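Keep in mind that this is a model prediction, so the values were computed, not measured. Letters A, B, ... are given to chains in the order of the sequence lines, protein chains preceding strands, and every chain is numbered from 1.
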There are 2 protein chains.
Amino acid sequence: MSEGHTGVTAATPAEPIVSCAEECGVRDVQDRLGDRWTVHVVVELAAGPRRFKELQRLVDGVSQRMLTFTLRRLERDGLVRREVFPTTPPQVEYSLTATGHSMTHLIKQLVDWSLDHRAAITRSREEWDARHPA
Amino acid sequence: MSEGHTGVTAATPAEPIVSCAEECGVRDVQDRLGDRWTVHVVVELAAGPRRFKELQRLVDGVSQRMLTFTLRRLERDGLVRREVFPTTPPQVEYSLTATGHSMTHLIKQLVDWSLDHRAAITRSREEWDARHPA
DNA sequence: CGGCATCCGTACAGATACTG
DNA sequence: CAGTATCTGTACGGATGCCG
């Protein structure tokens, strides 16, 4: 409840950040970012090409099904490239496309913001929970 | 992060964008951004304080339940401030806190990226769909 | 190894009705 | 106007089994 730490802007900035037309495109991206695994997969692929099993190990907790789904969707959107090497055993390598790499910056922003405000958010959450019994 | 393990060394930047420790905080934010309505609500509130009904009209397609849910969550996270004016009829005003406003930049990045790549993504999707018959 | 198909539980999200 | 409560469908996500 103590709003002490932040001199919250009582005055309204009233600065619109997106127009109506711009909003239309947001959902496409948001749907991907909102997906539970997309961000993590992109993060791993940002470090370099990875094979399927490799990704599954790197992205902790992801099931085979979800990893396949995520990769398929990213491939469909042109963010990830899938290369098959006809070897034995079969080897499939996933890597980011140029578009995929550009998304990396976006995720960086996400992470930075998260780190900057995570503590505040956590505290706010605890305070709210304390104020709202049951 | 073993490099060259696969022997396939493409011309990738191989620049890790987040460390393991950093990833932990990502989910908190991602969960909010991934929510279907949060971004839209924040966008509307970025332009100035809004009342409940006002928001419901502005955010097209949102139900009362979801709007309430979204606002509660944002309030809990300290991103939105809720002010009640004991008038008749009751008036409740929602506005962004300082933290909420800072999130605005993040969303701006999101929108910008979306606008930059929306066409490419849409085209890639169509091509993929054409290649993959039902 | 890399994937798809199936079953199934859960959590999300919409519509509706009711309260202060 | 500003919510809360309930019911219900759906889509997400995990586990398992089978195939190339």
Please check if the side chain of [X] supplies one atom and the backbone of [Y] the other of a donor-acceptor pair under 3.5 Å.
X: B:Thr68; Y: B:Gln64; answer: yes
X: B:Ser114; Y: B:Leu110; answer: no
X: A:Thr97; Y: A:Arg81; answer: no
X: B:Ser124; Y: B:Ala120; answer: no

Notebook entry, point to check: So what does B:Phe85 hit on the nucleic acid, given a heavy-atom distance under 4.0 Å: a base, only sugar-phosphate, or nothing?
Noted result: nothing
Next item on the list: Could you tell me whether B:Arg65 contacts a base, only the sugar-phosphate backbone, or nothing, with contacts defined as non-hydrogen atoms closer than 4.0 Å?
Entry: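 It contacts base atoms.
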Item checked: Start and end of the DNA chain D segment that chain B contacts, any atom under 4.0 Å from a heavy atom -> D:dC1 to D:dT6
Spacing of [atom1] belonging to [X] relative to [atom2] belonging to [Y], to within rounding of 0.5 Å:
X: A:Met66; Y: A:Thr38; atom1: CE; atom2: OG1; value: 10.5 Å
X: B:Leu45; Y: B:His101; atom1: CG; atom2: NE2; value: 8.5 Å
X: A:Leu71; Y: A:Leu55; atom1: CG; atom2: CG; value: 6.0 Å

Next item on the list: Can you sort out which residues in residues 68-77 of chain A have a heavy atom within less than 4.0 Å of DNA chain C? Ascending by number, please.
Entry: A:Thr68, A:Arg72
Checklist line | Qualifying residue for side chain to side chain contact (heavy atoms under 4.5 Å, CB included) with A:Val41, from A:Leu96, A:Val62, A:Val59 | finding: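 When side chain to side chain contact (heavy atoms under 4.5 Å, CB included) is applied between A:Val41 and each of A:Leu96, A:Val62, A:Val59, only A:Val59 qualifies.
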Check: Which angle, to the nearest 10 degrees, lies between the helix axes at the two ends of the helix from C:dC1-D:dG20 to C:dG20-D:dC1, each defined by five pairs?
Finding: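 Comparing the axis at each end, I get an angle of 40°.
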Next item on the list: Could you name each residue pair satisfying salt bridge (Lys or Arg N to Asp or Glu O under 4.0 Å) that touches residues 54-69 of chain B, not counting sequence neighbours?
Entry: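 Non-adjacent pairs meeting salt bridge (Lys or Arg N to Asp or Glu O under 4.0 Å): zero.
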Checklist line | Pair B:Glu126 + B:Arg123, salt bridge at N-O below 4.0 Å | finding: no
Could you list the donor-acceptor pairs under 3.5 angstrom formed by side chains in residues 86-93 of chain B, with sequence neighbours left out?
unit_1, atom_1, unit_2, atom_2, d
B:Thr87, OG1, B:Phe85, O, 3.4
B:Thr87, OG1, B:Pro89, O, 2.9

Margin query: I'd like to know whether A:Lys108 forms a salt bridge (Lys or Arg N to Asp or Glu O under 4.0 Å) with A:Asp112, so could you lay out the CA-CA distance, the side-chain angles of the two residues, the decisive distance to 0.1 Å, and finally the verdict.
Written below: CA-CA 6 Å; A:Lys108 188 82 171 65; A:Asp112 286 346; 3.2 Å; yes
Checklist line | Residue whose closest nucleotide on DNA chain D lies nearer the 5' end, A:Pro90 versus A:Trp37 | finding: A:Trp37
Next item on the list: At the 4.0 Å heavy-atom cut-off to chain A, mark where contacts on DNA chain C begin and end, going 5' to 3'.
Entry: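 Going 5' to 3' along DNA chain C, contacts run C:dC1 to C:dT6.
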Next item on the list: Kindly assign one of parallel, tilted or perpendicular to the pair A:Trp113 and A:His117, based on the angle between their ring planes and the thresholds 30° and 60°.
Entry: tilted
